[in-house]
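Please read these numbers as outputs of a predicted model, since none were measured by experiment. Along the sequence shown, residues carry numbers from 1.
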Amino acid sequence: QVQLVESGGGLVQPGGSLRLSCAASGSIFSTSIMGWYRQAPGKQRELVAYITSDARSDYTDSVKGRFTISRDNAKNTVYLQMNSLKPEDTAVYYCSLNLVYWGQGTQVTVSS
């Protein structure tokens, strides 16, 4: 069984930065595709970024150039560095392992 625990969310002003972390239990992390998703109030959950086991990554267009996904297989952890945050980035952010396992989510609020 895999458990995912996100951390790093919070309240930040527009233009600010946050770094989200997602720590995974179990032994399959290093061979898994890890993704960050977000869900804003009244909207569907959407993919933000993903990273493969060999560190290839991709992003949704709205965050390209601002967000960076990375992974540390030694720590079973995936990160999402978010810079130049905008109010429209406000959402609950979830990490996923192979689209099978999900974390509980962490709230990100961008507001002045």
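- Between V78 and W36, some side-chain heavy-atom pair lies under the 4.5 Å cut-off.
- With L11 as the fixed residue, the side-chain contact (heavy atoms from CB on, under 4.5 Å) test singles out one of V108, T109, T90, V110: T109.
- A donor-acceptor contact shorter than 3.5 Å is absent between the side chain of S96 and the backbone of G35.
- In this structure the side chain of Y94 never reaches within 4.5 angstrom of the side chain of C22, judged on heavy atoms.
- Remark: K64 NZ to Y59 OH distance equals 10.0 Å, nearest 0.5 Å.
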Take Q104 and E6, measure what side chain to side chain contact (heavy atoms under 4.5 Å, CB included) needs, and give me the verdict at the end. CA-CA 7 Å; Q104 81 288 351; E6 300 105 334; 2.9 Å; yes
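- Here the straight-line distance linking atom CD1 of I69 with atom SG of C95 works out to 9.5 Å at 0.5 Å rounding.
- Considering every non-hydrogen atom in both L18 and G8, the closest pair reads CD2-O, 3.8 Å.
- Relative to the six-membered ring of Y79, R71 misses at least one condition, a distance below 6.0 Å or an angle of at most 45° to the axis.
- Less than 6.0 angstrom separates the ring centroid of W102 from the ring centroid of Y37.
- Of all non-hydrogen atoms in V12 and L85, the two that sit nearest each other are CG1-CD1, 3.5 Å.
- With hydrogens and angles disregarded, a donor-acceptor distance shorter than 3.5 Å links the side chain of R66 to the backbone of S84.
- The side-chain heavy atoms of Q3 and Y101, taken from C-beta on, include no pair separated by under 4.5 Å.
- If you take CD1 on I51 and CZ on R56, they are separated by 10.0 Å, rounding to the nearest 0.5 Å.
- The existence of a salt bridge linking D89 and K86 is excluded, since no basic side-chain nitrogen approaches an acidic carboxylate oxygen closer than 4.0 Å.
- A91 approaches A40 most closely through the heavy-atom pair CB-N, 3.8 Å.
- V2 places a side-chain heavy atom less than 4.5 Å from the side chain of L97.
- Following chains of ILVMFWY side-chain contacts shorter than 4.5 Å, one cannot reach I33 starting from I28, and the two form parts of different hydrophobic clusters.
- Within the 3.5 Å criterion, the main-chain N or O of S17 finds no donor-acceptor partner in the side chain of N83.
- Put simply, the side chain of M82 reaches to within 4.5 Å of the side chain of Y93, judged on heavy atoms.
- V92 and V48 are not part of a single hydrophobic cluster, where members link through side-chain heavy atoms under 4.5 Å apart.
- Using a 4.5 Å heavy-atom threshold, the side chains of S32 and S53 count as separate.
- Between T52 and M34, every side-chain heavy-atom pair lies at or beyond the 4.5 Å cut-off.
- Atom CD in E88 sits 8.5 Å away from atom CZ in R38 (nearest 0.5 Å).
- The line from CG of L80 to OG of S21 is 9.5 Å long, rounded to the nearest 0.5 Å.
- Between the side chains of D72 and T77, no donor-acceptor pair is found at a separation under 3.5 Å.
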